[in-house]
Amino acid sequence: MIELKNISKSFGEHHVLKNVSAKFHPGKVNFIIGRSGSGKSVMTKCTVGLLEPDQGQVLFDGRDFTSMTQRNRKEVRTEIGMLFQGGALFDSMTVSENVKFPLKMFSEMTDEEMDIRVADCIKRVELEGHGDKFPGELSGGMQKRVGIARAISMNPKYLFCDEPNSGLDPQTAIVIDKLIIDITREYGMTTVVVSHDMNSVIEASDTIHFIHEGEIAFEGDNAEMLVAQSDTLNEFIYASKLMQKLRDK
Amino acid sequence: MGIIFHIGRYTRFILRVLRKPENGAVFRRSLVNEMTTIGTNSVGIVALLSLFMGAVMCLQTAHQVSGWIPVYTIGFTVRQTMILEFSPTLIPVILAGKIGSNIASQLGTMRVTEQIDALEIMGINSAGFLVLPKIIAGIVCLPLLVIMSMFLGLTSGAAIAFLTGVSNMADFQYGLQVDFVSYDVIYAIIKTTIFSIIMTSVSAYHGFFTHGGALQVAKSSTNAVVYSVVIIMLSNLVLTKLLLT
Ligand SMILES: Nc1ncnc2c1ncn2[C@@H]1O[C@H](COP(=O)(O)OP(=O)(O)OP(=O)(O)O)[C@@H](O)[C@H]1O
Ligand SMILES: [Mg+2]
């Protein structure tokens with residue numbers, strides 16, 4: 001379980017996160033939703049230590065990550081897989097090399113074992129046959145999928161996905177959602193997904209945190225979200241015509 | 001305030017860079033890559049510049065030689081200029097433009113596209129992983145390039161003296177050898193090594209701490225070159241005072 005306790009983060013005068021607390025559970029797909037600029041990416045980055053929170057604590061299965069030394073953090077980090085909003089692939093490496101990179105750095109596997117694992121990860125994101133291409137030769141959606149393959153190559157205990165299916169067509173988005181659910185269940189990962197795609201929120205979420213102006217404005221599951229009595233949340237959920245139609249039915 | 005901030009951040013950055021690499025094999029491979037980018041790929045430009053510099057120094061000095069200035073001054077001046085200043089200082093300054101901007105824009109792009117964050121999240125010391133191979137490659141390659149530059153400069157000086165007839169070979173050779181102190185070459189190598197560390201680390205620093213987008217990457221790359229050159233020139237003054245007087 002990942003636990004955020006009273007996290008605050010400001011950039012100068014701009015208070016992005018105000019006293020945010022949340023719990024993300026193992027074996028579950030935990031969603032963070034909210035409007036663009038509401039602080040979702042900052043919240044995930046504070047969680048994994050890419051940004052230092054001004055205040056508060058982050059616990060990974062009870063281990064206080066915030067006050068850890070760099071050396072101990074490293075240990076936790078090797079248990080984290082992360083998909084970045086822009087993919088963040090290493091553009092000097094091919095697709096296969098990107099996925100293989102964490103294995104090469106940290107695993108004890110032989111070269112053949114690594115290749116098998118890499119092929120498996122690439123297959124899971126449906127990119128067979130693209131292993132020798134460079135990131136620059138891929139579409140945005142394909143880069144995202146390579147990012148996912150790289151994030152899961154080390155079998156992480158904690159998986160963070162920042163907008164895994166933005167830039168993907170609806171069909172591929174469903175494949176990715178399903179992949180995230182499957183690996184989460186299969187390995188009992190604690191998965192945190194940042195998204196503003198209502199479709200995948202409805203399809204894939206076990207828990208939902210709605211963040212509004214730097215505060216958690218709603219916390220619950222799918223069913224609770226759809227009937228929640230919160231104006232800001234309802235505005236967010238029912239912004240699209242499709243969702244309005246669903247509600248009115 | 002600004003300069004103290006930068007000195008503090010640069011120091012912490014270098015301490016991170018100097019930590020033991022996570023994976024020896026991966027480190028060696030990227031060291032070889034960097035030696036290719038920094039060393040092998042610079043051979044052409046260094047050779048070209050040195051050949052022309054040696055030749056021009058020879059002709060310019062020949063132009064001064066008349067009456068009471070002896071002809072062997074030509075060989076002597078070519079030697080002193082190449083060994084003391086052109087090869088060890090101007091070559092690093094010129095390479096700061098080529099290599100420094102390359103390093104800064106590479107790291108800057110990796111920063112703004114979150115590739116550095118991706119390394120960090122895997123538990124890799126991104127500063128060490130990316131920068132240490134560059135600094136070591138610079139320390140290894142620049143002195144070699146500079147020695148090559150000295151050699152080519154002297155050769156082309158001799159060749160042009162011979163071809164244009166401004167000096168006979170015996171005088172030129174005497175000029176090359178007269179009052180030669182081998183410490184001058186050691187001084188040059190020490191300078192070059194320090195300049196190479198300045199060039200790679202200052203450029204890496206500017207690239208690594210880029211924030212924003214393409215515009216900031218361009219700015220970092222400009223800053224990398226400007227700061228590298230200025231710091232090289234300042235330390236040139238200090239080192240010359242310390243080592244030669
Ligand atoms: N490094 C930074 N420096 C200054 N301000 C920042 C920084 N990172 C984020 N911010 C600010 O924090 C706020 C929240 O940004 P964040 O990236 O978390 O938004 P988000 O919820 O992920 O939005 P999106 O859905 O568009 O990705 C924004 O107003 C942004 O300007
Ligand atoms: Mg975001």
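Within every chain, numbering begins at 1; the chains are lettered A, B, ... in the order of the sequence lines, protein sequences first and strands thereafter.
With contacts defined as side-chain heavy-atom distances shorter than 4.5 Å, the pair Met122(B)/Met154(A) does not qualify.
Of the residues considered (Lys45(A), Glu79(A), Glu75(A)), Lys45(A) shows the highest number of contacts with chain B, using heavy-atom pairs under 4.5 Å. No other option in Asn23(B), Asp117(B), Asn125(B) has as many heavy-atom pairs under 4.5 Å with chain A as Asp117(B).
Of residues 82-118 of chain A, those residues with a non-hydrogen atom less than 4.5 Å from any non-hydrogen atom of chain B are, in numerical order, Met82(A), Phe84(A), Gln85(A), Gly86(A), Ala88(A), Leu89(A), Phe90(A), Asp91(A), Phe101(A), Pro102(A), Lys104(A), Met105(A), Phe106(A). Of all residues spanning residues 63-73 of chain A, none has a heavy atom less than 4.5 Å away from chain B's heavy atoms. Taking 4.5 Å as the heavy-atom cut-off, none of the residues of residues 202-218 of chain B approach chain A.
Around the CG atom of Asp132(A), the shell of radius 6.0 Å holds no more than 12 heavy atoms that belong to other residues, nucleotides or ligands. The neighbour count for Tyr158(A) OH, taken as heavy atoms of other residues, nucleotides or ligands under 6.0 Å away, is above 12. Surrounding NZ of Lys40(A) are more than 12 heavy atoms belonging to other residues, nucleotides or ligands, all under 6.0 Å away. Open room surrounds NZ on Lys219(B); 12 or fewer heavy atoms of other groups in view lie less than 6.0 Å from it. Within 6.0 Å of NZ in Lys23(A) there are 12 or fewer heavy atoms belonging to other residues, nucleotides or ligands.
Applying the side chain to side chain contact (heavy atoms under 4.5 Å, CB included) test to Ile186(B) and every residue at least two apart in sequence or in another chain returns Tyr183(B), Ile190(B).
Neither the backbone nor the side chain of Arg111(B) comes within contact range of chain A; no heavy atoms are under 4.5 Å apart. Using a 4.5 Å cut-off between heavy atoms, Ile124(B) touches chain A through backbone and side chain atoms alike. Contacts of Leu50(A) with chain B are made by side-chain atoms alone, with heavy-atom separations under 4.5 Å and no backbone atom involved.
Rounded to the nearest 0.5 angstrom, Thr78(A) OG1 and Ile121(B) CD1 are separated by 11.0 Å.
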